[in-house]
Amino acid sequence: MAENLESVLKENRVFEPDPAFARAARIQPADLEELYRRAEADHEGFWAELARSELDWQKPFTQTLDSSDPPFFQWFTDGELNVSANCLDRHLDTRGDKTAILFEGENGDVHRYTYRDMYREVCLFANALKAKGVEHGDRVIIYMPMIPQAVIAMQACARIGAIHSVVFGGFSADALRDRINDSQAKAVVTADGGTRGGKLQATKKGVDDALAGGCESLETVFVYQRTGNDVDMQSGRDVWWHDAVADQPEECEPARVNAEHPLFLLYTSGSTGKPKGIQHASAGYLLNAVCTTKWVFDIQDEDVFWCTADVGWVTGHTYVAYGPMACGATQIIYEGAPTVPDGGRFWKICQDHGVTIFYTAPTAIRALMKLGDEFPQSYDLSSLRLLGTVGEPINPEAWMWYYSVIGGERCPIVDTWWQTETGAHMIAPLPGVTTMKPGSCTRPLPGIAADVVDEDGNSITNPEQGGYLVVKKPWPSMLRTIWQNPQRYKDTYWPMFDGRFYLAGDSAHKDDDGYFWIMGRIDDVVNVSGHRLGTMEVESALVAHPQVAESAVVGIPHDVKGEGIFAFVVLKGERPEGGIDEALSKELTDWVAKQIGPIAKPEAIRFADNLPKTRSGKIMRRLLRSVAKGDEIEGDTSTLENPAIIDQLQGKI
Ligand code: WT7
């Protein structure tokens, strides 16, 4: 972290928004000042006013914020609305024939869905869910490739008040089973398969394997036919999507749900134990999704928006399934990998469909940057007017490439800091107003009381000093709790500062201009390609292998993924010569992929006779991090119970 801090403190380039962009932007400098002023003067009133102007209510709310039982905050508590109606029905008169989703499959097939088409598809599937007994409050797992039906299924759940939980299609059957069981899901929605990187993504097979392990709550599996490959259909349990919707009416009255009714659960990794089901509410979540889509992405009616995230992550919820739909935008959904058939695919899609706003992750930018400038240069990228990034700090080199080679020095870059838990952007530039600094997510948005504080909760003013990133006031799209585990919610997010501030789990520092620079996680979480993995999760997966006695996992810098996973393993049997055994490493790596998913695969495994522990038995992770990075071991190792182990860990003997 210290190293990191040094390099960002040295970054002193600034970039003003392009004047042509700035002139046409939704939010002008005076508007932004006014937003800050109103939020500052009356935090609740600010959000209440936006909730009234931005959302369609079936029953207006009278109470804005209920903070009677902190940290269980509630927003707009007595109001009623339907999220799907806010994304579809409200556009039928004004934009019924406008393209909502332009889908491109990896194989090149293109399908266009207007808002009216989406309305029809969502109603049909909502009716199919109901016909199979899915009711208000029931959980539905969505395990699909990146196709429009994933969004349709999410919207259909919202329409009937069922709670969806999307599981990333790249997660393993074991991970899927855990989530079905933890959420006690009644139905799973999947596809016969999808295509990514030229390979079949066998999602239905994944569901079959997950269910073979026993999932008592589950009644129905809906299977969308995408590829036409052979799948087993279990009678009484599995039903084809096209059969399920065949006789359904094309209208489905949107359920009236309470503002606080859970819209979805999304499982994410933490520093301990199993992934936790982050629970979001309906109205507050949608409000921040809409406001940030307008403020940060400057969405306007003619825009063609493309967020490359999969619906399996929160980015694919807020900026694919909900934000752009609620704003009536046209968006791209692409099924496949960025490098099929070659590293120009993203740029070709931007050119072919006239993408104006492009949002992706630093890991993708770095991977595509490595392939050279020829790919982007062979396409016409002049339709682009705004670029965005999310998921991890973007290194200034990647930022500069994105800015000049992709954006032609004309497109502002919005570096957006947020989390699964925050529901929407929290710290980000306003693209027509904010001066950009490569590597900084700039300043908190209006109504978001983010700050950097010390141990005691005091605001840090010294720009050279890092601290805890916190949010000091509740905001509408904040998580409400962890599914079925309120204690864990309190312990994880409100453990310090007498429970007054939301603890994000990141460290940050703030420069003289009040710009935030995110330094990394403060917990045992590794950020691999912008995706969060708990080191404990990977350790549990390794220890589940019959030959492994113990393991410790740390993050190491990785030039494309941001961070990679390095695993130290103690075997039940003999340690291999020199601490390296390639065949066994491969077996363990594949094992982790099977237990969690390919994104959790360690970059390297080193075998040792035991792990470095203090006399009280705590694994010395700091030391392991240095060893994994190949740094000199400095400082005191005298508290080590077994100092001789260091040479082994370093692979010297
Ligand atoms: C963690 C949240 C939010 C959607 C994607 C990831 C890191 C996120 C940034 C950014 C620096 C960032 C943080 C955060 N992060 N955006 N712009 N700059 N770091 O969602 O899996 O919930 O992870 O991602 O460490 O806590 P997530």
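Just so you know, ligand 1 is whichever comes first in the structure, and atom 1 is the first atom listed for that ligand. Atom set for the values below is all heavy atoms of this structure, side chains included, hydrogens, waters and symmetry mates excluded. On a predicted model such as this, the values are computed, not experimentally measured, just so you know.
Atoms NE2 and CZ, on H531 and F171 in that order, are 8.5 Å from each other to the nearest 0.5 Å. Between atom CH2 of residue W313 and atom OG1 of residue T420 there is a gap of 8.5 Å, rounded to the nearest 0.5 Å.
Near V314, meaning under 4.0 Å from one of its heavy atoms, ligand 1 places the atoms 4 (C). Listed by atom number, the atoms of ligand 1 under 4.0 Å from T416 heavy atoms are 9 (C), 10 (C), 16 (N), 17 (N). Which parts of ligand 1 touch G530 is read off a 4.0 Å heavy-atom cut-off, strictly below it: atoms 6 (C). Close contacts of ligand 1 with T315, meaning ligand atoms under 4.0 Å from a residue heavy atom, involve 4 (C), 5 (C). Listed by number with element, the atoms of ligand 1 under 4.0 Å from a non-hydrogen atom of P393 are 11 (C), 18 (N), 19 (N). For ligand 1, the atoms lying closer than 4.0 Å to a non-hydrogen atom of N527 are 7 (C), 24 (O).
For the ligand labelled ligand 1, residue C441 lies outside the 4.0 Å heavy-atom shell. Residue W313 places every heavy atom at 4.0 Å or more from ligand 1.
When each of F264, Y322, F168 is tested with H317 by the rule ring pair (Phe, Tyr, Trp, His ring centres under 6.0 Å), just one qualifies, namely F264. Evaluated for a ring pair (Phe, Tyr, Trp, His ring centres under 6.0 Å) with F358, the options W347, Y334, F297 yield exactly one hit, W347.
For E260 (side chain) and W75 (main-chain N/O), a donor-acceptor pair under 3.5 Å exists by modelled atom type.
S84 is not listed as a side-chain neighbour of M154, based on a closest heavy-atom distance of 4.5 Å or more.
When only non-hydrogen protein atoms are considered, atom 13 (C) of ligand 1 lies nearest to D506 OD2, 2.9 Å. Scanning the protein heavy atoms around atom 3 (C) of ligand 1, the nearest turns out to be W418 O, 3.1 Å. At the top of the distance list for atom 24 (O) of ligand 1, counting protein heavy atoms only, stands G391 O, 3.2 Å. When hydrogens are left out, the protein atom nearest atom 21 (O) of ligand 1 is R532 NE, 3.5 Å; that is the closest non-hydrogen contact.
Looking at I518, D415, I522 and measuring to atom 17 (N) of ligand 1, the nearest heavy atom belongs to D415. One option in I427, L533, D523, T420 has a heavy atom closer to atom 22 (O) of ligand 1 than any other, and that option is T420.
Taking distance alone, with nitrogen or oxygen atoms compared against 3.5 Å, T268 stays at or beyond that limit from ligand 1. An N or O contact shorter than 3.5 Å links Q419 to ligand 1 by distance.
The part of E392 lying near ligand 1 is the backbone, judged by heavy-atom distances below 4.0 Å. Residue contacts with ligand 1 for R521 involve side-chain atoms from C-beta outward but no N, CA, C or O (heavy atoms, distance under 4.0 Å).
Aromatic pair W475/F73: ring centres not closer than 6.0 Å.
Donor-acceptor pairing under 3.5 Å is lacking for the side chains of Y319 and Q331. There is no side-chain donor-acceptor pair under 3.5 Å between Y403 and E409.
A salt bridge does not link E106 with R345: none of the charged nitrogens is closer than 4.0 Å to a carboxylate oxygen.
Across all their heavy atoms, P431 and W295 have their closest contact at CD-O, 3.3 Å.
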